[in-house]
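What's counted below: heavy atoms across the whole structure, side chains too, no hydrogens, waters or symmetry copies. If you read the sequence from its start, that first residue is 1, and numbering goes on from there.
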Amino acid sequence: MDIATLSKGLDTIWVVLTAAMILLMEGGFALLEAGFVRQKNAVSIIMKVFVDITFGALIFYFFGFGLMHGKDAGGLIGTTGFMLSGDLSNIHLNISHDTFWLFQCAFVIAVISIVSGAVAERIHFRAYILYTIAMTGMIYPLAGHWVWSTGGWLQKLGMIDFAGSAVIHALGGFSALAAAIFIGPRIGKFTADGKSNIVPPSNLPLASVGAFILWFGWFGFNSGSTLSATNGSIGHIAVTTMLSASAGGAACILFTMFRYKKADPPMVINGSLAGLVGITAGCSFVSDGAAIFIGVLCGIAMVLATEILESKGVDDPVGAFAVHGISGSLGTLTVGLFAKPELTASIGKGYYGLLYGGGWNLLGIQALGLVVIGIWGFALTWIALKLIKLIMPVRVSKDEELIGLDVGIHGVPAYNQDHDFLDLETMKRENNR
């Protein structure tokens with residue numbers, strides 16, 4: 001076995017394993033969101049996650065991957081690679097196209113899962129399936145092409161988004177915001193005079209386990225984006241990821257103690273996730289100290305954004321926009337401030353942060369890319385939901401929402417302590433009375 005073959009084998013193993021870590025994050029999303037919503041909607045959350053990972057993977061295979069990573073047309077769209085066929089010579093990696101697809105598939109599933117939390121407890125299941133098709137088949141792939149594909153117009157400008165603070169998290173966050181506004185708040189969330197009622201989470205230990213699974217998967221998310229097992233920056237990426245997540249959580253502990261006189265558990269959980277989101281763009285290009293600052297900034301901003309959204313009457317049950325939209329935006333912009341020359345030199349762009357003497361160039365490019373991606377996610381989600389509404393209801397009925405989507409839509413509760421077995425004959429007689 002020669003060195004080239006060994007290197008390719010190691011890189012393939014690395015990318016497949018980190019892709020599996022990212023896919024495990026779907027379990028984290030499921031537990032986190034099921035813990036944050038009310039007990040009567042836990043099954044609904046799980047079913048939406050299954051839609052993400054099943055329909056999302058299939059649609060990305062048939063359409064999304066080609067639009068995202070196929071041969072470029074005008075810097076806007078890919079034109080080959082549908083069903084992993086056709087000319088993909090524009091992809092220059094030390095791994096196979098199959099391996100690369102698997103890693104990218106894990107990313108697209110994460111994007112749609114961001115939106116699922118913002119519309120929890122009230123979106124119609126069939127409408128969500130159609131929206132998943134739109135997100136994984138067009139909305140995300142086109143944005144990803146602009147930034148990550150050879151020839152994408154933002155890529156040629158020099159935008160840096162190493163693992164997706166903008167392409168995944170800001171896009172998903174602004175899409176989630178559009179969906180939450182479009183579908184409206186849950187029944188009873190806001191009073192007649194606009195005050196917000198507290199909706200207690202059903203299971204905070206479950207939510208915290210979900211957050212820990214997401215934290216674990218994030219090492220695959222960020223370090224795996226090297227797409228190479230021999231990349232010398234893997235260790236540094238893992239350290240900045242850890243420091244930012246820890247700083248985000250710690251900042252929320254102290255900030256909520258100061259602001260609310262008690263450490264707020266849901267805010268602390270989301271604070272660590274905000275730190276993870278924020279560092280995703282620059283994890284390979286910023287220092288350890290900058291990673292800590294980014295985590296603190298994103299954690300505090302997440303708390304304030306959550307308060308502002310509620311004051312405006314926007315109902316986001318799991319804080320999807322505050323965590324992903326706000327932190328993804330800040331993470332994208334801070335690359336323009338903190339990217340170190342010796343770390344960005346490896347990508348050949350020649351751009352580095354304002355605070356290291358790089359001028360305003362990179363920061364301006366980052367801001368432009370963020371604005372474009374945010375508007376794209378918000379607008380296309382709004383349009384997609386408008387079109388879906390022409391075909392079917394986007395929101396469940398009032399009765400279905402009040403009884404809970406688990407029983408109202410899926411016909412089964414998440415927790416049942418009444419019987420060990422169901423007597424079908426007795427149930428039929430009762431229903432026929």
The reported gap from CG in L330 to CD1 in I279 (rounded to nearest 0.5 angstrom) is 12.0 Å

Before we go on, tell me: are the rings of F82 and F62 under 6.0 Å apart, centre to centre? no

side-chain contact (heavy atoms from CB on, under 4.5 Å) test vs I112 passes for just one of I59, I133, T132, namely T132

Residues pairing under salt bridge (Lys or Arg N to Asp or Glu O under 4.0 Å) where one sits in residues 289-302, two or more places apart or in two chains, turn out to be none

The complete set of side-chain hydrogen bond (donor to acceptor under 3.5 Å, both in side chains) pairs with one or both residues in residues 290-314, sequence neighbours excluded, reads K189-E310, S196-E310, R259-E307, Y260-E307

With a 4.5 Å cut-off on side-chain heavy atoms, are I187 and L402 touching? yes

Worksheet item: Counting only heavy atoms not in F103, do more than 12 fall under 6.0 Å of its CZ?
Response: yes

Worksheet item: Less than 6.0 Å separating the ring centroids of H169 and F221?
Response: yes

With sequence neighbours left out, the residues meeting side-chain contact (heavy atoms from CB on, under 4.5 Å) with L380 are M138, I139, W376

* Electrostatic pair E401-R395, nearest N-O below 4.0 angstrom -> yes

Do side-chain atoms of S7 reach the backbone of A4 as a donor and acceptor pair under 3.5 angstrom?
no

* Check whether the ring centres of F100 and H69 lie less than 6.0 Å apart, and answer yes or no. => yes

Between W146 and L76 (side chain of the first, backbone of the second, donor and acceptor by atom type, cut-off under 3.5 Å), is there such a pair? yes

Sidechain N-carboxylate O distance under 4.0 Å for K71, D87:
yes

Heavy-atom check, side chain of F63 versus side chain of M83, under 4.5 Å = no

Test ring pair (Phe, Tyr, Trp, His ring centres under 6.0 Å), reference F174, set Y140, F321, W382, output is F321

- Step through the shown structure and confirm whether more than 12 heavy atoms of other residues, nucleotides or ligands are within 6.0 Å of CD1 on I3. no

For F338 and F285, I'd like to know if the aromatic rings sit close, meaning centre-to-centre distance below 6.0 Å. no

Checklist entry - Can you check whether G152's main-chain N or O pairs, donor with acceptor, with S149's side chain at less than 3.5 Å? => result no

Next item on the list: Start with the C-alpha distance between M267 and F255, add both sets of side-chain angles, then the distance that settles side chain to side chain contact (heavy atoms under 4.5 Å, CB included), and finish with yes or no.
Entry: CA-CA 10 Å; M267 290 294 188; F255 188 64; over 6 Å; no

| Under 4.5 Å between any side-chain heavy atoms of P266 and F36, yes or no? | yes

